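In each ligand, atom 1 is the first atom listed, and ligand 1 is the first ligand listed. Residue indices begin at 1 and follow the sequence shown. No experiment lies behind these values; they were computed from the predicted model shown.
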Amino acid sequence: MQYRLGRPLIRAAEIQARVQELAEVISQDYAERDLLLICVLKGAAIFWADLSRALRIPAQSDFVAMESYGDATLPLQEPRFTKPAGVSLGHRDILIVEDIIDTGHTSVHLRTLLHGQAPKSVALCTLLDKAERREVPTPIQYCGFVIPNVFVVGYGLDYAQQYRHLPYVATLEPLSDG
Ligand code: IMP
Ligand code: MG
């Protein structure tokens, strides 16, 4: 099956406005704390870049990579850690920055791995929540948008490494020859 870019789902201006709102709440919640943003590569990179620059408080950042999809649009059941964090997480206030929570497996697995390093707290900030698709519960403290059960690309999210650079979020649709 081949796919093409579908209709825009969330416009660039809407994303930017929501990112500013999230950054404001996070700045209040983490004032006087020891905030370490953990950006989940690659999908969250663009969200992290905008969110972190909108914060009004000191924050450190690090990057982890989890493999969960390859080129397919169906998730594997056991996501793998392909790049662990490079800094010590002990006694830090960790905020995971994710692009999208779908089945929930990736974030549950990631939380378990991070908790093994004894952080002070772990919270999750995701741009998108595909809530209908959840298979395992995962608490989301900060959410940009709840979206329906459609595969989306743009603003960091990809299909086969394509479309990450789009400033908006769009659906991906099967390419029909009709
Ligand atoms: P989960 O483990 O099913 O929650 O999947 C989380 C990861 O799957 C996300 O971090 C994305 O990388 C990827 N993913 C899930 N849904 C989509 C989508 O609609 N578009 C692009 N990537 C997705
Ligand atoms: Mg991801």
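The option with the heavy atom closest to atom 3 (O) of ligand 1, from among Thr103, Leu41, Leu9, is Thr103. For atom 2 (O) of ligand 1, the nearest non-hydrogen atom from the set Thr171, Leu128, Thr106, Leu157 belongs to Thr106. Considering only non-hydrogen atoms, atom 19 (O) of ligand 1 lies nearest to Lys130 out of Glu98, His109, Met66, Lys130.
Looking at Thr103, its side chain never comes within 3.5 Å of a backbone N or O of Arg134 through a donor-acceptor pair. Distance alone, capped at 3.5 Å, is enough to place a donor-acceptor pair between the Arg18 side chain and the Gly144 backbone. A donor-acceptor pair under 3.5 Å links the side-chain atoms of Lys83 to the main chain of Phe63, judged by distance alone. In this structure, the side chain of Thr82 engages the main chain of Ala65 through a donor-acceptor pair within 3.5 Å. Of the possible donor and acceptor atoms, one in the side chain of Ser27 sits under 3.5 Å from a partner among the backbone N and O of Arg56. The closest donor-acceptor contact from the side chain of Asp62 to the backbone of Gly86 lies under 3.5 Å.
Geometrically, ligand 1 and Ile101 share no nitrogen or oxygen pair separated by less than 3.5 Å. Distances between N or O atoms of Phe151 and those of ligand 1 include no value under 3.5 Å.
Summarising the geometry of Lys130 relative to Phe151, their closest heavy-atom pair is NZ-CA, 3.9 Å, with the distance given to 0.1 Å.
Atoms of ligand 1 lying under 4.0 Å from at least one heavy atom of Asp102, given by number and element, are 1 (P), 3 (O), 4 (O), 5 (O), 15 (C), 16 (N).
At least one heavy atom of Gly104 sits under 4.0 Å from some atom of ligand 1. Contact analysis puts Asp99 in contact with ligand 1, with a non-hydrogen atom separation below 4.0 angstrom. The closest approach between Asp158 and ligand 1 falls below 4.0 Å for a heavy atom of the residue.
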